[in-house]
Amino acid sequence: MDKVITISRQYASGGREIGEKLAKAYGIPFYDRLLISRAAKESGFAEDAFDNAEMKATNSLLYSIAMGMNAYGSPDIGYTQMSLDDRIYIAQSEVIRKVADEGPCVIVGRCADYILRQRTDVVNIFIWASTPFRIDRAISYGVESEKVEDVLNRMDKRRANYYNYHASEKWGRVTNYHLSIQSDYKGIDKSVEVIEKFLETVD
């Protein structure tokens with residue numbers, strides 16, 4: 001397998017687990033938290049700064065204001081004049097491009113599908129699941145049952161706002177991905193098998 005696989009996913013859909021199993025099956029690197037650690041090490045930013053940048057993305061308008069709405073639109077604004085969060089995104093993007101250059105791997109989240117959009121060796125996958133399935137998984141993570149639906153909505157909104165701002169695309173839009181999988185339809189392991197079969201057909 002000679003592809004870079006990016007995985008975008010709804011919260012508690014099992015996307016991270018699917019990514020880990022794919023990476024293990026192919027014997028290739030898996031990047032999620034490891035990506036943040038590497039980006040922090042290479043950029044000099046603290047790991048908490050990367051987490052905080054994504055955590056802020058709860059309201060698209062407020063997030064855009066906080067990030068500096070015209071940071072990417074004006075050629076007169078240089079790197080040092082960008083917001084801290086913009087600079088963190090750029091540092092993370094550079095690491096994503098580096099790990100893709102290093103060879104096949106699985107990258108979860110972080111706008112990787114958009115960042116690597118010019119490459120021809122990338123397969124973009126979106127993982128989603130039914131609400132009851134996601135509720136059960138979220139509760140297994142330790143989310144309180146009376147708050148779980150709010151948490152699902154908030155986490156998905158955060159991911160969407162972060163992606164929509166940085167990628168200038170719509171998170172979850174089918175045209176952004178080569179394959180979309182409902183992970184609870186046949187289960188996590190079967191979802192991995194389906195993706196493997198799909199990758200066999202990709203030149």
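Just so we're clear, the structure is a prediction, and the values are computed from it rather than from any experiment.
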Quiz item: What is the minimum heavy-atom distance between K170 and N176, and which atoms define it?
Solution: O-ND2, 2.8 Å
Self-check item: Inter-residue atom distance E200.CD - M1.CE, 0.5 Å rounding
Solution: 11.5 Å
Quiz item: Between Y114 and A167, is there a donor-acceptor pair closer than 3.5 Å when you use the side chain of the first and the backbone of the second?
Solution: yes
Quiz prompt | Atom of S13, atom of I127 and distance for their closest heavy-atom approach | solution = OG-O, 3.4 Å
Exercise. State whether R137 and E17 are salt-bridged, where the test is any N-O pair (Lys NZ or Arg NE/NH1/NH2 against Asp/Glu carboxylate O) under 4.0 Å.
Key: yes
Quiz item: So how far is it from I5 CD1 to I195 CD1, rounded to the nearest 0.5 Å?
Solution: 7.5 Å
Quiz item: Does M155 share a hydrophobic cluster with V108, counting links as ILVMFWY side-chain heavy atoms below 4.5 Å and allowing steps through other members?
Solution: no
Quiz item: Taking all non-hydrogen atoms of both residues, which atom of F198 and which atom of T201 are closest, and how far apart?
Solution: O-OG1, 2.6 Å
Self-check item: Spacing of S180 atom OG and W128 atom CH2 [to the nearest 0.5 Å]
Solution: 7.0 Å
Quiz item: Given the rule in the side-chain contact (heavy atoms from CB on, under 4.5 Å) test, do L116 and T6 qualify, once you have shown the distances and angles that lead to the verdict?
Solution: CA-CA 9 Å; L116 302 176; T6 76; 4.3 Å; yes
Practice problem: Could you check if a side-chain atom of K3 sits within less than 4.5 angstrom of a side-chain atom of P104, using non-hydrogen atoms only? | Solution: no
Practice problem: Evaluate the side-chain contact (heavy atoms from CB on, under 4.5 Å) criterion for residues F30 and C105: first the C-alpha distance (whole Å), next the side-chain angles of each, then the deciding distance (0.1 Å), finally the verdict. | Solution: CA-CA 6 Å; F30 172 79; C105 59; over 6 Å; no
Quiz item: Does F133 share a hydrophobic cluster with V192, counting links as ILVMFWY side-chain heavy atoms below 4.5 Å and allowing steps through other members?
Solution: yes
Practice problem: Please determine if R16 and E20 form a salt bridge, counting it only when a charged side-chain N lies under 4.0 Å from a carboxylate O. | Solution: yes
Quiz item: Can you list the steps and then say if D150 with K157 is a salt bridge (charged side-chain N to carboxylate O under 4.0 Å, His left out)?
Solution: CA-CA 10 Å; D150 287 340; K157 186 175 183 180; over 6 Å; no
Quiz item: For residues D113 and Y163, is any side-chain donor paired with an opposing acceptor at under 3.5 Å?
Solution: yes
Practice problem: State the OG-CD1 distance between S93 and I88, to the nearest 0.5 angstrom. | Solution: 11.5 Å
Practice problem: Begin with the C-alpha distance, continue with both residues' side-chain angles, and end with the deciding distance and a verdict on salt bridge (charged side-chain N to carboxylate O under 4.0 Å, His left out) for D156 and R9. | Solution: CA-CA 9 Å; D156 281 350; R9 75 285 185 218; over 6 Å; no
Exercise. Tell me whether Y31 is reachable from V106 by hopping between hydrophobic residues (I, L, V, M, F, W, Y) whose side-chain heavy atoms are closer than 4.5 Å.
Key: no
Quiz item: Should I139 and V151 be counted in the same cluster of Ile, Leu, Val, Met, Phe, Trp and Tyr side chains packed under 4.5 Å apart?
Solution: yes
Exercise. Could you tell me whether the side chain of H178 reaches within less than 4.5 Å of the side chain of I125, counting heavy atoms only?
Key: no
Exercise. Start with the C-alpha distance between Y177 and I7, add both sets of side-chain angles, then the distance that settles side-chain contact (heavy atoms from CB on, under 4.5 Å), and finish with yes or no.
Key: CA-CA 9 Å; Y177 312 100; I7 296 182; over 6 Å; no
Quiz item: Between D184 and K190, is there a salt bridge with N-O shorter than 4.0 Å?
Solution: no
Self-check item: Centroid-centroid distance, Y162 to W171, less than 6.0 Å
Solution: no
Quiz item: Can you tell me how far CD1 of I135 sits from OG of S130, rounded to the nearest 0.5 angstrom?
Solution: 8.5 Å
Exercise. State plainly whether the residues E169 and R173 are in salt-bridge range, i.e. N to O under 4.0 Å.
Key: yes
Quiz item: Does K186 come within less than 4.0 Å of E193, counting only side-chain N to carboxylate O?
Solution: no
Exercise. Check whether any side-chain N or O of R119 sits under 3.5 Å from a backbone N or O of A100 as a donor-acceptor pair, and report yes or no.
Key: yes
Quiz item: Would you say I28 and L199 are hydrophobically clustered, going by side-chain heavy atoms of ILVMFWY under 4.5 Å?
Solution: yes
Exercise. Assess whether atom CD of Q182 is packed by more than 12 heavy atoms of other residues, nucleotides or ligands within 6.0 Å.
Key: yes
Quiz item: Closest approach of A23 and P29, non-hydrogen atoms and distance?
Solution: CB-O, 4.1 Å
Self-check item: More than 12 heavy atoms from other groups under 6.0 Å of OH on Y185
Solution: no
Self-check item: Distance, nearest 0.5 Å, that separates CD1 of I107 from CD1 of I115
Solution: 8.5 Å
Quiz item: Side-chain contact, heavy-atom cut-off 4.5 Å: V123 with V4?
Solution: no
Practice problem: Give the C-alpha distance, both sets of side-chain angles, the deciding distance and a yes or no for side-chain contact (heavy atoms from CB on, under 4.5 Å) between V122 and N124. | Solution: CA-CA 6 Å; V122 177; N124 302 319; 3.2 Å; yes
Quiz prompt | Closest approach of E144 to E146 (non-hydrogen atoms, all atoms of both residues) | solution = OE1-OE2, 3.0 Å
Quiz item: Are K98 and E42 close enough that some pair of their side-chain heavy atoms sits under 4.5 Å apart?
Solution: yes
Self-check item: Nearest heavy-atom neighbours spanning F126 and G172
Solution: CE1-CA, 3.8 Å
